[in-house]
Amino acid sequence: MENQTVENMIIIGSGPAGLTAAVYAARANLKPLMIEGEEAGGQLMITTEVENFPGFEHGITGPDLISVMRKQAERFGTRFITRNVTKVDFTSRPFKIFIGDKLHLAKSVIVSTGASAKLLGLPSEKQYMSRGVSACATCDGAFFKNVEVGVVGAGDTAMEEANFLTRFASKVYIIHRSENFRASKIMLDRARNNPKIEFIVNATVDEVLGDGKSMTGIKLKSSITNEITEKKLDGLFIAIGHQPNTKLFKDILDMNDVGYLNTKSDSTYTNIPGVFACGDVQDAIYRQAITAAGTGCMAALDAERWMDANGESH
Ligand code: NDP
C-alpha cells in the first residue's frame, strides 16, 4: 500500500450528480477518478425525452445528456473505470475503495450512486421479469407492438411510461391502488387525454399470470372490496418509485430509515469528514436530473474546500 497512488478524489457513480462533480473537480485540477459502474449513467440511461433540463430547448434524450456530460468531464481530465465498487472502508484516511481485490485510495470521496426502480415484490413478478414484466418502458416498450399492457403506479414515471408505451401497444392500462395521483398535473392530463390509455383505480396487482414461458395476464385485487379479477395482458411495467443505492455504505454512512444518505444541512457533507454525497442517493424529495447536477457541483466545491482546509493538498 505504501507505494500506491493516492487519488485526490474518487467519485462513485456516474449520473448527472457524479458527472457534474467530475466537471467541477477536473476544472479545479483535482484530476478526479470516477468509478462509473458497469451500468454507467444511472437512471437517465433509461429515460426517453428529458424536456426539463435547462439549456435544451427542444429536449434531449437521457443517454445523449449523459454522453455530453461525460465528454465534458473527460475533456478537463476526469478518468473513468467502468466497474462496480464492491467494498469501501472509510475508517481511516486515505479512504479505501475496492473493486474486487483491487484497492484504490483517495483523499476525498464523492458518493453519487443514485437510486434504482422499486418492484412489487411478488414471486410471480420475479418469475416473469423480462418475460412480460419490466421496470423500464424505454428499454422494453418496443417489444410490445399491438398488444395490451399495464403500468403500475401513479407518479410522473408511470404517466411518462404509459404515454411512451402508447407508441407501440394497442392499449395501456394505468393501474393504481387508490384514486389519488402523485403525478404532476401536466403529466396526468397528458395521460388522461391519450385515447389509448385507460385508468384502473383502487386496484393492486396480486399476481402475474403466465404459461411458464411468458406472462399472459394479471390478478387484480380491489383495494375496496378485496375482490379478485383476472385481466389478460401481454406486458406489465412497474413504475412505483425508487430505492437509493446505498447497500455499500450500510453501517458506514448515516442514512434515513429507507436508505437515503443523510447530508448536513445546506451542504453535501456526510457524517464522515472527507466523504460527500450528492444526487438521488441523498435526495428523496426533488429527484430531478437538474437538482442532482446542482448537488454534484456542491459536492465538488465542498470536497475541494475541505481538502484545502484539512491539509489534503493536491
Ligand atoms: P413517485 O414516488 O412520485 O410515485 C410512485 C407511485 O407508485 C405512487 O403513485 C405510489 O402510490 C405508487 N406505489 C408505490 N409503491 C407501490 C406499491 N408497492 N404498489 C402499488 N403502487 C405503489 O415516483 P416516480 O418514480 O413516479 O417519480 C419520482 C420523482 O421523479 C418525482 O419527483 C417525479 O416528479 C419525478 N419525475 C419527473 C419526470 C418528468 O418531469 N418528466 C418523469 C418521471 C419522474 P401512492 O401514491 O399510493 O403511494
Side-chain angles (χ1 to χ4, degrees), residues 15-17 42-66 114-126 129 133-139 141 150-165 172-192 194 197 199-208 218-224 226 231 233 236-245 256 258-260 279-295:
Q43 291 178 72
L44 278 181
M45 296 305 279
I46 53 170
T47 302
T48 31
E49 233 15 60
V50 182
E51 292 177 335
N52 52 13
F53 200 94
F56 297 94
E57 186 189 355
H58 302 291
I60 181 167
T61 70
D64 284 350
L65 181 56
I66 287 295
S116 303
K118 276 198 222 161
L119 297 175
L120 298 171
L122 303 168
S124 53
E125 171 193 49
K126 204 169 176 189
M129 185 54 73
V133 180
S134 168
C136 173
T138 319
C139 319
V151 173
V152 185
D156 282 340
T157 305
M159 300 308 127
E160 187 179 62
E161 300 229 321
N163 270 307
F164 176 71
L165 286 165
V172 178
Y173 295 91
I174 293 178
I175 301 159
H176 181 36
R177 59 186 176 187
S178 77
E179 286 173 323
N180 306 318
F181 286 81
R182 255 193 241 187
S184 55
K185 192 173 179 312
I186 185 171
M187 302 286 276
L188 188 56
D189 286 349
R190 213 178 276 174
R192 282 190 169 136
N194 188 324
I197 294 179
F199 286 81
I200 301 176
V201 293
N202 297 317
T204 57
V205 176
D206 206 42
E207 193 182 334
V208 179
I218 53 170
K219 267 190 191 167
L220 277 172
K221 186 177 180 181
S222 161
S223 332
I224 297 169
N226 284 338
K231 178 144 198 68
L233 286 180
L236 187 69
F237 290 82
I238 315 296
I240 59 169
H242 297 87
Q243 182 69 37
N245 299 319
N256 71 9
V258 289
Y260 284 92
D280 284 12
V281 75
Q282 55 85 56
D283 171 20
I285 299 167
Y286 303 103
R287 296 180 290 192
Q288 300 298 300
I290 189 67
T291 50
T295 57

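One-based numbering, in listed order, for ligands and for the atoms of each. Given the structure is predicted, the values throughout are model-derived calculations rather than measurements.
Ring geometry, His176 versus Phe181: the interplanar angle falls from 30° to 60°, so the pair is classed tilted.
Within the 4.5 Å cutoff, the side chain of Leu119 has heavy atoms near those of the Met129 side chain. Using a 4.5 Å cut-off on side-chain heavy atoms (C-beta onward), Ile200 and Lys231 make contact. Side-chain contact between Asp280 and His242 is absent, with no heavy atoms from C-beta onward closer than 4.5 Å. Within the 4.5 Å cutoff, the side chain of Ile238 has no heavy atoms near those of the Ser134 side chain. Ile197 is not listed as a side-chain neighbour of Arg192, based on a closest heavy-atom distance of 4.5 Å or more.
The heavy-atom pair separating Phe164 from Thr138 by the smallest distance is CE2-CA, 3.5 Å.
The part of Tyr286 lying near ligand 1 is the backbone, judged by heavy-atom distances below 4.0 Å. Contact annotation for Asn52 and ligand 1: only side-chain heavy atoms (C-beta onward) come within less than 4.0 Å of the ligand. Neither the backbone nor the side chain of Lys118 has any atom closer than 4.0 Å to an atom of ligand 1 (non-hydrogen atoms only).
Protein heavy atom nearest atom 20 (C) of ligand 1, with residue, atom name and distance: Arg177 CD, 3.8 Å. From the protein, the heavy atom lying nearest to atom 46 (O) of ligand 1 is Arg182 NE, 3.2 Å. The nearest heavy-atom contact from the protein to atom 35 (C) of ligand 1 is Gln288 NE2, 3.2 Å. Of the protein's non-hydrogen atoms, Gly155 CA, 3.8 Å is the one closest to atom 4 (O) of ligand 1. Ranking protein heavy atoms by distance to atom 7 (O) of ligand 1, first place goes to Ile240 CA, 3.2 Å.
Atom 34 (O) of ligand 1 has its nearest heavy-atom neighbour, among Asp156, Val152, Leu122, in Asp156. The residue among Glu179, Met187, Arg287 with a heavy atom at the shortest distance from atom 31 (C) of ligand 1 is Arg287. With distances taken over non-hydrogen atoms, the option nearest atom 23 (O) of ligand 1 out of Ser178, Gly241, Gly121 is Gly241. Counting heavy atoms only, His176 comes closest to atom 11 (O) of ligand 1 of the residues Glu161, His176, Glu160.
Formation of a donor-acceptor pair under 3.5 Å by the Asn163 side chain with backbone atoms of Met159 is found in this model. A donor-acceptor pair is defined here as one N or O able to donate and one able to accept, closer than 3.5 Å; such a pair exists between the side chain of Gln243 and the backbone of Val258. With hydrogens and angles ignored, the 3.5 Å screen pairs a side-chain donor or acceptor of Ser223 with a backbone N or O of Arg177. Thr295 places a side-chain N or O within 3.5 Å of a backbone atom of Gly279 that can act as its donor or acceptor partner.
In this structure, Leu120 has a heavy atom closer than 4.0 Å to ligand 1.
Inclusion of Asn180 in the set of residues having an N or O under 3.5 Å from an N or O of ligand 1 is not warranted. Polar contact with ligand 1: present for Ala154 (N/O pair, distance under 3.5 Å).
If you number the atoms of ligand 1 from 1 as listed, the ones under 4.0 Å from a heavy atom of His242 come out as 25 (O). Within ligand 1, counting atoms from 1 as listed, the ones closer than 4.0 Å to a heavy atom of Thr157 are 24 (P), 25 (O), 26 (O), 27 (O), 43 (C), 44 (C).
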